[in-house]
Protein chains: 2
Amino acid sequence: MMSMIKNYELYKVFYWAVKTGSLTQAAKALYLTQPSVSHAIKQLEDGFGVPLFFRTPKGVELTQEGNVLYSYIEQSMILIALAEEKMAALKNLDSGELRIGGSDSLFKHYLLPILESYHSRHPGIKLHLHHGTTPEVITFLKEGRIDLGVVRMPIVDPQLKVRESFQLQDCFVAGARYAELKDKTLSLEQLLQYPVILFSRNSRARMTITELFQSYGLTLKPDIEVGSVDLLIEFARRGLGISYVTREFVSNELEAGSLFEIRLDVSLPPSHVGIMTMRNMPLSIAASRFIELVG
Amino acid sequence: MMSMIKNYELYKVFYWAVKTGSLTQAAKALYLTQPSVSHAIKQLEDGFGVPLFFRTPKGVELTQEGNVLYSYIEQSMILIALAEEKMAALKNLDSGELRIGGSDSLFKHYLLPILESYHSRHPGIKLHLHHGTTPEVITFLKEGRIDLGVVRMPIVDPQLKVRESFQLQDCFVAGARYAELKDKTLSLEQLLQYPVILFSRNSRARMTITELFQSYGLTLKPDIEVGSVDLLIEFARRGLGISYVTREFVSNELEAGSLFEIRLDVSLPPSHVGIMTMRNMPLSIAASRFIELVG
DNA sequence: AGGAGACATAGATGATGTCTATGATTAAAA
DNA sequence: TTTTAATCATAGACATCATCTATGTCTCCT
């Protein structure tokens with residue numbers, strides 16, 4: 001259906017004319033001249049075929065019909081004003097939300113301080129954390145349920161854009177039970193003589209270490225598989241075996257001495273963590289700011 | 001505060017872009033070309049400093065921020081659409097209200113059929129009847145509580161415009177108790193020998209009849225004063241005296257013979273009823289239609 | 001009376017909204 | 001793969017129409 005009034009701009013003029021009770025004042029409020037306002041109101045009146053104001057020597061007053069119109073237009077204009085305020089708030093990061101996907105351990109051990117700093121700078125932004133495996137996080141992202149994902153690289157997917165953010169170093173650690181290994185440097189072969197604890201889920205870290213052993217003609221088969229990084233650490237501390245973990249995730253334990261790193265005669269490949277976003281999709285302000293902060 | 005977006009027209013384009021999910025379709029809905037819509041959306045995005053859509057090969061989809069904006073703008077646009085519908089209804093007299101002021105008796109005995117016909121033609125228009133004396137009705141009108149008043153003329157008030165509508169003839173009537181007067185023609189002096197019943201309130205009718213007697217050097221003092229035209233009629237029927245009433249208001253009783261008119265040797269002045277409106281104030285559509293109907 | 005304020009009207013002007021034409025990109029069809 | 005047909009973006013020309021200046025009319029107040 002075609003509306004009678006083609007130009008919503010006129011409603012803004014009408015709104016101010018009512019609010020100020022004067023075409024002259026409305027003109028000032030809108031940085032226009034009085035004849036412009038006069039003309040605008042006339043257009044509305046002609047469009048509806050109904051007078052909206054009666055003119056008095058002191059200004060204008062709504063007619064009955066004008067009053068009906070105003071009851072709608074007032075709400076409408078207030079909503080637009082609210083919308084503009086809200087958009088300004090979004091832009092200033094006084095408001096908004098940021099939805100991040102990632103693994104439990106990354107959140108807990110690495111992203112926490114970043115999120116804290118982010119939240120303290122922008123307390124108005126609501127944070128939503130979705131944890132899952134890398135494939136799950138990719139799905140979240142493609143379904144639009146998160147703004148960005150923090151995952152181990154490399155990710156090869158034409159729909160995604162991944163930006164390397166920081167490096168983590170995986171390593172083997174053990175507890176007091178294997179104190180004899182503290183000063184030794186082991187070969188991979190030697191290592192296999194000890195019980196190995198690995199992460200059970202299909203994580204990139206597990207894939208890379210398995211491949212590393214294979215490249216030396218060795219087969220890495222874990223004696224224990226556990227479902228979380230916390231358990232990986234805990235099992236190593238209790239002497240159930242040698243855990244393969246991200247060094248940065250056990251920095252507390254290494255410092256306290258409850259765990260120590262096993263030196264190897266080969267260097268383990270570092271793992272790169274990247275921030276993953278949808279290619280061809282503009283980031284929300286909140287998300288851009290986060291990426292900026294991570295650096 | 002100066003808003004970022006100077007042109008509310010852009011929101012209409014935005015609204016349709018969201019609703020259709022396509023700039024091309026929005027252009028069709030608005031009878032514009034696709035580049036115009038493209039340009040409009042760009043203006044909004046530049047104005048807010050935030051992308052509102054991400055562009056896909058099948059159309060456009062809201063960003064997070066765009067979605068926030070839409071939640072406000074949708075309501076706003078719906079309100080405007082409702083406003084336009086309502087105004088059309090007002091103009092077509094499918095909606096609206098008509099507030100009439102007048103005396104009880106005028107409503108009951110004269111305006112009722114007119115109001116009935118008006119209401120049956122325009123059932124969507126709500127009728128509000130405010131009864132009061134002529135001065136009260138004038139006050140209602142000046143306070144904007146009624147659209148028009150139906151009162152006895154003349155009214156002299158520079159703020160008011162009175163349009164003569166029809167004539168009424170006041171007369172003296174009596175019931176069976178005074179049957180002896182049925183065929184006589186009385187002088188005013190003779191009339192005063194009978195008990196007279198007058199309307200108690202300061203009505204124009206009472207003023208004119210009092211003045212008439214005075215112009216003949218006579219004093220008209222009622223034996224009974226009553227507060228309504230109905231009582232005036234009822235008292236006369238029961239023989240309590242001779243009532244001064246508007247002939248048109250007792251046409252039923254005159255026809256039925258329960259009352260008869262007293263012939264006088266002087267002619268009583270007719271009274272003119274006029275429709276009174278505010279000068280310099282446009283009438284509502286509903287009110288104009290009413291006046292048109294009354295003729 | 002005269003002045004100051006209101007809104008209305010007329011005509012000129014220029015900003016800007018709109019158009020046509022074209023390009024870039026993607027997805028589906030051949 | 002190549003083609004075709006969508007999408008939106010961009011550039012530049014054009015003309016609409018919103019806005020301005022100048023003036024008129026009316027009312028109220030001094």
Assess the side chains of B/Glu84 and A/Tyr11: does a donor N or O sit below 3.5 Å from an acceptor N or O?
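Looking only at side-chain atoms, A/Tyr11 and B/Glu84 do form a donor-acceptor pair, the distance falling under 3.5 Å.
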
When the distance from CD1 of B/Ile41 to P of D/dA9 is rounded to whole Å, what number comes out?
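Rounded to the whole Å, the gap is 9 Å.
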
Measure up the A/Phe107 and A/His131 rings against each other and bin them: parallel (under 30°), tilted (30 to 60°), perpendicular (over 60°).
perpendicular

Is the ring centre of B/Phe14 less than 6.0 Å from the ring centre of B/Phe53?
yes

Using a cutoff of under 3.5 Å, can you pull out all pairs of nitrogen or oxygen atoms linking the protein to nucleotides 15-23 of chain C, with atom names and distances?
{"unit_1": "C/dG17", "atom_1": "OP2", "unit_2": "B/Gln43", "atom_2": "OE1", "d": "3.3"}
{"unit_1": "C/dG17", "atom_1": "OP2", "unit_2": "B/Gln43", "atom_2": "NE2", "d": "3.3"}
{"unit_1": "C/dC19", "atom_1": "OP2", "unit_2": "B/Thr33", "atom_2": "N", "d": "2.7"}
{"unit_1": "C/dC19", "atom_1": "OP2", "unit_2": "B/Thr33", "atom_2": "OG1", "d": "2.8"}
{"unit_1": "C/dC19", "atom_1": "OP2", "unit_2": "B/Ser36", "atom_2": "OG", "d": "2.9"}

Please check if atom NZ in A/Lys142 has more than 12 non-hydrogen atoms from other residues, nucleotides or ligands closer than 6.0 Å.
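Yes - once you tally the heavy atoms of other residues, nucleotides and ligands closer than 6.0 Å, there are more than 12.
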
How long is the line joining NZ of A/Lys42 and P of D/dT19, in whole Å?
16 Å

Tell me whether A/Lys42 at atom NZ has more than 12 heavy atoms from other residues, nucleotides or ligands lying less than 6.0 Å away.
no

Tell me: NZ of B/Lys28 to P of D/dC8, nearest whole Å?
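To the nearest whole Å, that distance equals 10 Å.
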
Atom CG of A/Leu23 to atom C1' of C/dT9: distance rounded to whole Å?
14 Å

Between C1' of C/dT25 and NZ of B/Lys58, the distance in whole Å:
15 Å

Distance below 4.0 Å between A/Arg55 side-chain N/O and C/dA8 OP1 or OP2:
yes

Using whole Å, what does the distance between atom P of nucleotide C/dA6 and atom CZ of A/Phe53 come to?
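After rounding, the gap between these two atoms is 15 Å.
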
Could you check B/Leu283, B/Leu129, B/Asp147 and say which one makes a side chain to side chain contact (heavy atoms under 4.5 Å, CB included) with B/Leu98?
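The residue from B/Leu283, B/Leu129, B/Asp147 that satisfies side chain to side chain contact (heavy atoms under 4.5 Å, CB included) with B/Leu98 turns out to be B/Asp147.
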
With a non-hydrogen cut-off below 4.0 angstrom, is B/Val37 in contact with a base, only sugar-phosphate, or nothing?
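The answer is nothing, as B/Val37 stays clear of every strand by at least 4.0 Å.
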
Between A/Glu45 (CD) and C/dA8 (C1'), how many Å, whole number?
12 Å

Residues A/Trp16, A/Val37; criterion side chain to side chain contact (heavy atoms under 4.5 Å, CB included); working and verdict
CA-CA 10 Å; A/Trp16 282 99; A/Val37 173; over 6 Å; no

Check the phosphate of C/dT26 against B/Thr56, side-chain N and O only, distance under 4.0 Å to OP1 or OP2. Yes or no?
no

Rounded interatomic separation in angstrom, taking CD from A/Gln25 and P from C/dA6:
6 Å

With respect to the phosphate group of D/dA6, does any side-chain polar atom (N or O) of B/Thr24 fall under 4.0 Å of OP1 or OP2?
no

